[in-house]
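To start, the structure itself, in structure tokens.
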Protein chains: 2
Amino acid sequence: MTALIGRHTNKIDKKGRVSVPKAFRNALSSPVSEERGASTLFSGIYLYRSFKYSAIEGCGEAFIQRVVDSLDELELFSDEQDDLAITLLENSYQMAYDTEGRIFLPVELRTYAGLSDEAIFVGRGTRFQVWQPEAYNIHNKNSFERVRSQGATLRLKKLQEGFDQ
Amino acid sequence: MTALIGRHTNKIDKKGRVSVPKAFRNALSSPVSEERGASTLFSGIYLYRSFKYSAIEGCGEAFIQRVVDSLDELELFSDEQDDLAITLLENSYQMAYDTEGRIFLPVELRTYAGLSDEAIFVGRGTRFQVWQPEAYNIHNKNSFERVRSQGATLRLKKLQEGFDQ
DNA sequence: TTATATCCCATTGACGCCCATAAATTCCCA
DNA sequence: TGGGAATTTATGGGCGTCAATGGGATATAA
């Protein structure tokens, strides 16, 4: 499976639909058919509110399946270890592609991410995020600067350590 | 269709009926027919009072069967777990779908969950819950915030890879 | 009968399916 | 190597189908 990498900006139409980038569809679809056979023929993705950002987070069948498997099926009292998995399942939307590879963006998620007429898909390896473009640019700028400065600090530290010895 | 995921809000009519979401019906029906053949052709679900919340909990034939089987495996489960399983079976209602995929909500369960004219079905992987919508929203808000505040430190059980943002 | 439950049909509104066009990318060839 | 032609992807919108809902008719039990 290819990883989810890069950014794609797509339009949200009046019906609230948005095309999932072809590259993402490819990356997300392959593992399912191999792992579970043609029986579970769900063609689509899972969306939920990011816990950290004002953005939507998404994943494919493979990831969700691992969340499901992490739960002990026969456990009648779920312990706190399961809270994350349960919360994730409860708050996820299973969105099927239409014939053209689009999905409908649930109102709750659109509102949460502040989406209006455009959305940027951002690859994050096994998962991806969907942001309001402006919000993402700001976030990305900050993240990049933070990484850059941290990198500088790290190099500095290494240098100091070197001097110590 | 494998796991129960996401939420669906449906109306409870004057007769006390409510539609079980199609996605849930699909997810609950498939494994039964495969495992047990056409002999046990029960088309419906099992409902019982949640041990933990003021909500109804539900499952399909497959899960109930697993609980039943767990009682026969003498060494594997503790007495406490057996008691739990028995209590579950004793308190479960077997509700059949009508022609349209609706079920009748037993008064005991409606009262327990404080249901009036609407009910929200919440997927939890192998099982689901039925809540009074307002009560669920409050509960979910708290759960979501708790997970959020615990942040990236939390890890999924049985999962090598952590769930980081 | 009264109450309870199952089946049947009728309505509606959302969503999936379809086609038609636009934009973008690749491919091909002069 | 520039620029079209062809293929693929993205976008827009109409329409039919089916899930959800409401209510009535019929069957069963108390």
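Hydrogens, waters and symmetry mates are skipped; everything else that's a heavy atom, side chains included, is used. Being a predicted model, the structure only gives us computed values, none of them experimental. In what follows, chains carry the letters A, B, and so on, assigned in the order in which the sequence lines appear, proteins first and then strands, with residues in each chain numbered from 1.
Legend: residues meeting salt bridge (Lys or Arg N to Asp or Glu O under 4.0 Å) with Glu145(B), ordered by chain and number and at least two apart, are Arg148(B). Take His8(A) and apply the side-chain hydrogen bond (donor to acceptor under 3.5 Å, both in side chains) test, not counting sequence neighbours, and it matches no residue. Evaluation of the side chain to side chain contact (heavy atoms under 4.5 Å, CB included) rule for Asp98(B) yields Arg17(B), Glu100(B), Arg102(B) as partners, not counting sequence neighbours. Judged as a salt bridge (Lys or Arg N to Asp or Glu O under 4.0 Å), and not counting sequence neighbours, Arg110(A) has no contacts. With sequence neighbours excluded, the residues that form a side chain to side chain contact (heavy atoms under 4.5 Å, CB included) with Ile86(B) are Leu71(B), Glu90(B). For Asn137(A), the side chain to side chain contact (heavy atoms under 4.5 Å, CB included) test picks out Glu134(A), with sequence neighbours left out. For Thr111(A), the side chain to side chain contact (heavy atoms under 4.5 Å, CB included) partners are Val107(A), not counting sequence neighbours.
In this structure, Met95(B) and Pro106(B) approach most closely via the heavy-atom pair SD-CG, 3.9 Å.
For the segment residues 107-123 of chain B, the set of residues with a heavy atom within less than 4.0 Å of an atom of DNA chain D is empty. Within residues 91-105 of chain B, the residues approaching DNA chain C are Thr99(B), Glu100(B), Arg102(B), by heavy-atom distance under 4.0 Å.
A salt bridge between Glu61(B) and Arg66(B) is absent, with no side-chain N of the basic residue lying under 4.0 Å from a carboxylate O of the acidic one.
When heavy atoms are screened at a 4.0 angstrom cut-off, Val18(B) is found touching no nucleic acid atom at all.
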* To do: Output, in order, the C-alpha distance, side-chain angles, deciding distance and verdict of side-chain contact (heavy atoms from CB on, under 4.5 Å) for Val130(B) and Ile120(B).
  => CA-CA 5 Å; Val130(B) 185; Ile120(B) 182 166; over 6 Å; no
| said: Pair Leu47(A), Leu105(A) - check side-chain contact (heavy atoms from CB on, under 4.5 Å), show working. | reply: CA-CA 9 Å; Leu47(A) 299 178; Leu105(A) 288 177; 3.9 Å; yes
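Between dG23(D) and Lys14(B), a contact under 4.0 Å exists linking OP1 or OP2 to a side-chain N or O. Under 4.0 angstrom from either OP1 or OP2 of dC18(D) there lies no side-chain N or O belonging to Arg25(B).
Taking the six-membered ring where the residue is Trp, Tyr112(A) and Phe144(B) present perpendicular rings, their angle passing 60° and hence far from 30°.
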All N/O donor-acceptor pairs, side-chain side in residues 50-60 of chain B, below 3.5 Å, sequence neighbours left out:
residue, atom, partner, partner atom, Å
Ser50(B), OG, Lys52(B), N, 3.1
Ser50(B), OG, Tyr53(B), N, 2.9
Lys52(B), NZ, Ser78(A), O, 3.4
Glu57(B), OE1, Gln129(B), NE2, 3.1
Glu57(B), OE2, Tyr48(B), OH, 3.0
Glu57(B), OE2, Arg127(B), NH1, 3.0

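Take the nearest nucleotide of DNA chain D for Asn10(B) and for Pro21(A): the residue whose nucleotide is more 5' is Pro21(A).
Atom CZ of Arg17(A) is separated from atom P of dG13(D) by 9 Å (rounded to the nearest Å). Spacing between atom CG of Asp13(B) and atom P of dG23(D) amounts to 8 Å, rounded to whole angstrom units.
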For nucleotides 25-30 of chain D, 5' to 3', base contacts (B), sugar-phosphate-only contacts (S) and non-contacts (-) with protein non-hydrogen atoms under 4.0 Å give B-----
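Residue Lys22(A) has its side chain nearest to dA10(D) when only dA10(D), dG23(D), dA20(D) are considered.
Bounding nucleotides for the chain B contact on DNA chain C, 5' to 3', at a heavy-atom distance below 4.0 Å, are dT6(C) to dC9(C).
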